[in-house]
Structure formats: structure tokens, C-alpha cells
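By convention in this document, chain letters (A, B, ...) are assigned in the order of the sequence lines, proteins followed by strands, and residues within each chain are numbered from 1. Computed from heavy atoms alone, side chains included, the values below leave out hydrogens, waters and symmetry copies. All values derive from a computational prediction rather than experimental measurement.
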Number of protein chains: 2
Amino acid sequence: MNMLRGNAVVGQSGGPTAAINATLAGVLRGVLESESIDKLYGAFNGVEGLLEERYCVLSDVVKTEEDIKLLENTPAAALGSCRKKLPDINEGKDVYEKLFKIFEKLDIKYFFYIGGNDSMDTVAKLTKYAKQIGSDLRVMGVPKTIDNDLCGTDHTPGYGSAAKFIATTMQEMLRDTAVYTVKAVTIVEIMGRDAGWLTAAAALPRLNCVISPDLVYLPEVAFSVDDFIEDVNAALEKKPNVVVAVSEGARDKDGRYIGESAQSGALDVFGHKYLSGTGKMLENIIREKIGCKVRSVELNLPQRCASHCASLADLEESVKVGRAAVKCAESGESGKMMCFERAEGEYSVSCIPRDIHEIANMIRFVPREFINERGNNVTDECLEYIMPLINGEVSPVYKNGLPVHLVIER
Amino acid sequence: MNMLRGNAVVGQSGGPTAAINATLAGVLRGVLESESIDKLYGAFNGVEGLLEERYCVLSDVVKTEEDIKLLENTPAAALGSCRKKLPDINEGKDVYEKLFKIFEKLDIKYFFYIGGNDSMDTVAKLTKYAKQIGSDLRVMGVPKTIDNDLCGTDHTPGYGSAAKFIATTMQEMLRDTAVYTVKAVTIVEIMGRDAGWLTAAAALPRLNCVISPDLVYLPEVAFSVDDFIEDVNAALEKKPNVVVAVSEGARDKDGRYIGESAQSGALDVFGHKYLSGTGKMLENIIREKIGCKVRSVELNLPQRCASHCASLADLEESVKVGRAAVKCAESGESGKMMCFERAEGEYSVSCIPRDIHEIANMIRFVPREFINERGNNVTDECLEYIMPLINGEVSPVYKNGLPVHLVIER
């Protein structure tokens, strides 16, 4: 044990998920159990709010075990989030100086950042700066992303809940679209700019031997319009109602997004192309080239916030990884992201820290062997990998027929 | 009692809901308890399939109490549906003769049709024809529509489950959109071509004193683009994240749909305009006239099939109304639709039959007093009317993390 007394701060960053607050609750639980950490500050809107000295003492607003449990089943970042990218250390020294002055003022020795790929960039930079100035600040990244595309971890907290919502909704829509006898194609556009993990989850009902989307297209395999039309026509030969799941990030052999031409081409602050319209584009292609009834559905925001349908396994693991981050930092680790390691045999995971520089700014794609040869569906092996992550149902507290969330006033 | 021995047939028609199979289960329960009805046939794809003699004996495929319970929590018409409109009696006698020949062959004395407004047209026509030829067939309509726009009934089976999904999802999206500090508008387009009942449900979280959409536009009040921009600007003055709920059927003072110009103008077989794109249209207006970050979300199909989030009150009432239809028909009623009557004081409903001619082809709108003066939100009185309908949660059977549905092979 490498005892370092002081306070801690936790922030949430990037897109919200149904499990990001479970991880926040896990960090709080870890701190409450800690002998070296006194107070846990909650930074509002991640580093953006911290730079404006907007924060709370988390245990002052999440007071009881009942509050913590409510927080665990509240969607979207309860502390608020940001998409702020920290400048390069050499170019924006003033930002780092300001942050470390706040750390000093609040006696902060531990920095926990819950976020996705872009947030791990912040963790890497803070670690580097702390080392450079000889600070004893311990910096830990805690993963969160529905996209499941972080390297170094078996899967990411938040993915299981999104996958469960997508699979559940897909199964319901498959029932819905099957009621008529008229030839019809339904295109379901699913989130995932780079990796197809979320779209792969749409095929999960197949493992229960029930209806499943006929065609599944991920960004990992180049999309061909000609093959697509051939695939849909072949499916329509067999049954009148064809359902297609497609990633928003599907792209052709030259790397151009299918939904691209409908867009302005604008980039977000991390330089990513802002996407939408992939489903709409395929809808138009079917209408023009096949001419049958066709519609497109974008699952949209509910994919990342449908906490009423969260995976119990995901929420429990999200708490576990937050708590493990505290234990790891207490034991002397810094500059790490907490990762899941899956055991062989019966499903179980342990939390291990990995060097942040091996993780930040990289993407974990769906491996080619998880996709069939034709590139229009996923394999059973892929579904068996996902299945344990959607296991178990939550029991939200309800009032007047609606789930109760924990609200932190900012 | 007006004892009439024979068999019965039940069909499902129109758009699917999360509760239409609960009503089917209710009809089956009623028949199993009946002393005068022997077999219950299930017509595949409504009158369309019946005319092709496609049907099953329902108790042969829904055998056990466990099966009936699964059916009650399976979304979308398990028997299949149709959008077939029967011809006028004088113009399409052959169709009616064919149907009544099938009734005779199967010794069918009872016809139950579960559907919405257009399906009640079928009930009205069959009743008229039966009377004309002196048939003793008893014809009963059992309501079903997420739209809640049938006349003569306090509300419709299926509405409560759709309302619960919309309110739950809206509350989750409100949490999601509130995480950033950047000015942003989120437009949520909700089903409802004529009446705004579903969109009104988006405001339900307000009754629990939690966040609620800032602006709510129903088709019942003429939509003005100028007022809309003024409303959004006023909301953005107060907070950075503004959420707007809008009916797909919102229209201007001349009755033109807001989403109309994005459409082909095609009509469905009942002569309704096929709509979508209202949210996308408002998104474009905000981008052009206000210039802040804006996105639109279409809740789409899950509104009518999200049985994992069904209202327990709705499913129980849906079973009750199906069973009541059987009892009513047994007692000698015909040419009626089963309606809900709400008691004064503490919420409870009873099922009563009403003459189909007072109901078919009419629309029950949201009354003006349920909408605020400005026409940009609903009143508390409106929400208090809806609230009991979303009460209680279902407990689906899960296998490998996904709900189990009952499937009837057609």
C-alpha cells in the first residue's frame, strides 16, 4: 500500500450512457470505504466545469444508500458532461496550471475521469503533465461508452445496457413488422460511427431461436450498394417482411460513409464527421431500385439512455469498475484505465488497470471472424460474446408509472 | 340471456400495439368460460386472411395458462393484421357472400374484431349485411389503438402502454440532453396523425415534478412557424437545453401538415396522407432561423410495440375488455363496440357496449381545455386524465436477457 492522504475529484465526460452514473456511484462507494481519501468532489461538466470551479461535494448530494441506488439506475451523466479536449501540454500550459491550482486549493490527490475514447485522451494528458511537474496526483480513467470500442478491455461499461435495449427493441419491431402480408423492407439504423458492436447486438434474438434481422451491416466490412440490393431481393424471395440492421458508420470500399452525402460534412471538435441518414439513404435506394414498401427507423438517443431497460450485469459491473478504480489509485497506480478481463469458462470479469497510453485514441473493431463471409450478418460466436453482457433486468423505483431518477442540481 | 350455440372467430386489424394480444387473450379467456361458444377460430391477417380461409383454432396454439400469459405480454398482432377495407355492401356483395359462406361452414355465430377506427368500419358493415340477410351472426368490435382517438370510450386499450413508453423515454432523453452546457434544441416527433393524445403523454414527467419537455405541440391547435421560433427563443433564454415534443400530424391554420412538403403526398388505402418528417422540418427551421445546435428524434415504431415497457393497467384492461366483449355477445348484443367508462373519484373503469354507428369513422380529439392558451403545452388536467392509464409495470418472462414472446405460426 502506498498511502496518500487527501481528497478526490470525479468527472464525467463524453456522450451519456445508461450506466455512467452506476460507475459514478461505484467511485463514491470506493471513496466511502477508503481510509486515505476524505472528500469526493464531483466536477460539473467534466474538466470544462472544473476549470470554472463548478463542483459539489458528492456525498452532500448523494447522501443515503437509497440515493446511491437511485443514482445507479439514473441515465445520463448526473454531474453533467463535456466534450472539451485539453490542449497539448506545450501549447496550453495555462489550462494545466489553472487545473493544478484548483487541485492544490481543494487538496485533491486523486482524479477519476469516467468517459470514452476522447476522455481517455484527457487522462493521458493530465498524467503526463503531473509527471512533468513532479505532482503526486494520481489520475485514473474509468471507461464508459455504449460503443464498446475501447482497447485493452473485454468490453465497456454502458455497452451491455445499450445492447439490451437494441436487442429488445429489435425483437419487438420484428414482431411489429411481421403482421402484414405486403412485401416491405424496414431499415433500422443503429449507433456506431467506427465499430459495429451495437449493430451486432440487434441480432441477439437469434440466439433464443426467434426472429432476427435478415441482414446486418457493420462498418468493419465495406458496404456495396449492388450487394445490398442483391441481399434484400434474396431475402424478399423467402418472406414478405425483411428487416435490415445497419450501423450509422457503414461505409463503402473507399471509406466514404453511406450517410455522408446527406450531411453537411461538418466535423465535431475531435475531428469526427457528424453522421446521420444512413438508414434514410438505404430506404431511398430500396424505393428506387426495388420499389416495394420501405421505411427507415433510427433508434437514436434512447440507445444510450434507456435505463428502464438497462442490463443488470452492466450496471453491476459499472459499479464494480468505479470502485476498483479507487482501490487501484489508493494502492499507488496512476495513468491507468480500468479494464475488464473475462475469465475462461463460465462468465465472470475482473477489473485490472492498464497503461492509458496503450488505450487512448485507439479503436477496438469487431473482429472479422465475428462477421459472416458475405459481410451481411454476424456469427453465433459474436452473439455468444455479447450475450452475458445483457443478462439480468433492473428494478427501477416507480412513481405514478414513471421511473424515479436521482437529480444533482448544477 | 339469449343463448346462441356455435363457434366464434376473432381477428386483429390495423396497426399493431403492445396490448392487442392482451385483448386477444381476453377474448380467448371469455370463450373458455363460455357455455354457448364452443371453438374460437383465429383469423390470420384479419378479414383479408379469413377470405382466403387462413385461420387456426386458437386454443390449439395457445394451450396453457402459461401460453395465455405470454400472449398477453407479446407485442403486435399475433394472428397477423391487415389494412383491408371492405367494399360498400351494394358494390361488393360477392365479398360478403364469401365471408358468410365461411361462417356457415365453420358454424360461426360470433365475430370479434379487435382494431382501431378503420376496423370498426368493418364491424359496422358486417353488422349491416348480417341484418340485411337475416343472419343471426353477432358482431362485436373491440377497440385497440395507441392513438386513443376512438369515440364513445374514455380511452382505448393500447394507449396506456404507448403513453408509458413515450413518457419514460422522454424523461430519459431529457436527462440525456441536459448533460451539456452548449445551447441545443432537441425535437421529438411523436405518432398521432389526427389527435395529439400520444404527444400529450410526453409531458407526464411534469406531474412527478421532474423535468418535462419545454414545448408540446398537438395537431388540435394550428401550428405557426413564427410563434414556434418565438417560443423556442424564449425557452433558450431560460436554459441551454430545450426539448420540443411535436405530433407527426401538426398542421398550420390552413390544415396543411408541417411535414407535408417533405412527402410524396401519397395516400394509404383509407385515404389518409402518409406522414413523416415533421420533426426533421422543425429541425431545419431552427437551424435556419436560430442557428444553434439542433437535432430531431422520431420515436417511430417502438411507440406501438415496446411491450417490455407496457403499462400493467393497460394490459389488464385490455384483457378485461376482450372478455367483456364475449359476455356481451353471449347476452345477445351485436353491432356494438366495447367501451371504457371511467368512474368518478378513485380511478376504475367498467366495460360497456355502444352502437358501432355512433363510433366508426369518427375521431376523438384532445379537448381544447386540455391545451394551454398559447397552444404550446398541455394542462395538468390533461396529464391527470392520462396518469392512471400508465400505472403499474409488467414482468415479462426473460430468457438470456431478452423477453420471451408467444409466436403463432401462420
Region of [X] that comes under 4.5 Å of a non-hydrogen atom in chain A:
X: Pro205(B); value: both
X: Tyr180(B); value: both
X: Gln12(B); value: neither
X: Val407(B); value: side chain
X: Ser13(B); value: neither

Ring geometry between Phe165(A) and His308(B) (parallel below 30°, tilted from 30 to 60°, perpendicular above 60°):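 His308(B) and Phe165(A): perpendicular rings.
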Quick one: of [options], who has the most non-hydrogen atom pairs under 4.5 Å with chain A?
options: Pro16(B), Gly15(B), Gly80(B); result: Pro16(B)
options: Gly49(B), Ala313(B), Ala78(B), Gly14(B); result: Gly14(B)
options: Glu48(B), Met173(B), Lys399(B); result: Lys399(B)
options: Pro396(B), Pro302(B), Ala76(B); result: Ala76(B)
options: Asn300(B), Leu207(B), Thr177(B); result: Asn300(B)

Counting heavy-atom pairs under 4.5 Å to chain B, which of Thr168(A), Leu79(A), Ile211(A) comes out on top?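 Looking at each of Thr168(A), Leu79(A), Ile211(A) in turn, Thr168(A) comes out on top.
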Taking every non-hydrogen pair under 4.5 Å, which of Thr169(A), Asn208(A), Leu204(A) racks up the most with chain B?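 Looking at each of Thr169(A), Asn208(A), Leu204(A) in turn, Asn208(A) comes out on top.
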Salt bridge (charged side-chain N to carboxylate O under 4.0 Å, His left out) partners of Lys164(B), counting only residues at least two apart: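 If we apply the salt bridge (charged side-chain N to carboxylate O under 4.0 Å, His left out) test to Lys164(B), skipping adjacent residues, the hits are Glu393(B).
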List in chain and number order the residues that pass side chain to side chain contact (heavy atoms under 4.5 Å, CB included) with Ala25(B), two or more places apart in sequence or in another chain; answer none if no residue qualifies.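 Side chain to side chain contact (heavy atoms under 4.5 Å, CB included) list for Ala25(B), sorted by chain: Ile68(B), Leu71(B), Glu72(B).
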Thr74(A), part contacting chain B, at a heavy-atom distance under 4.5 Å: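 It is the side chain, since no backbone atom gets that close.
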[Y] side chain reached by [X] side chain, heavy atoms, under 4.5 Å:
X: Thr181(B); Y: Arg54(A); result: yes
X: Asp176(B); Y: Pro75(A); result: no
X: Glu172(B); Y: Leu301(A); result: no
X: Cys305(B); Y: Arg175(A); result: no
X: Glu298(A); Y: Glu298(B); result: no

Contact summary for Asn400(B) and Asn391(A), nearest pair of heavy atoms: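 Of all heavy-atom pairs spanning Asn400(B) and Asn391(A), the closest is C-OD1, 4.3 Å.
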Say you draw a straight line from CE of Met387(A) to CG of Leu402(B); how long is it, rounded to the nearest 0.5 Å?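 These two atoms lie 9.0 Å from each other.
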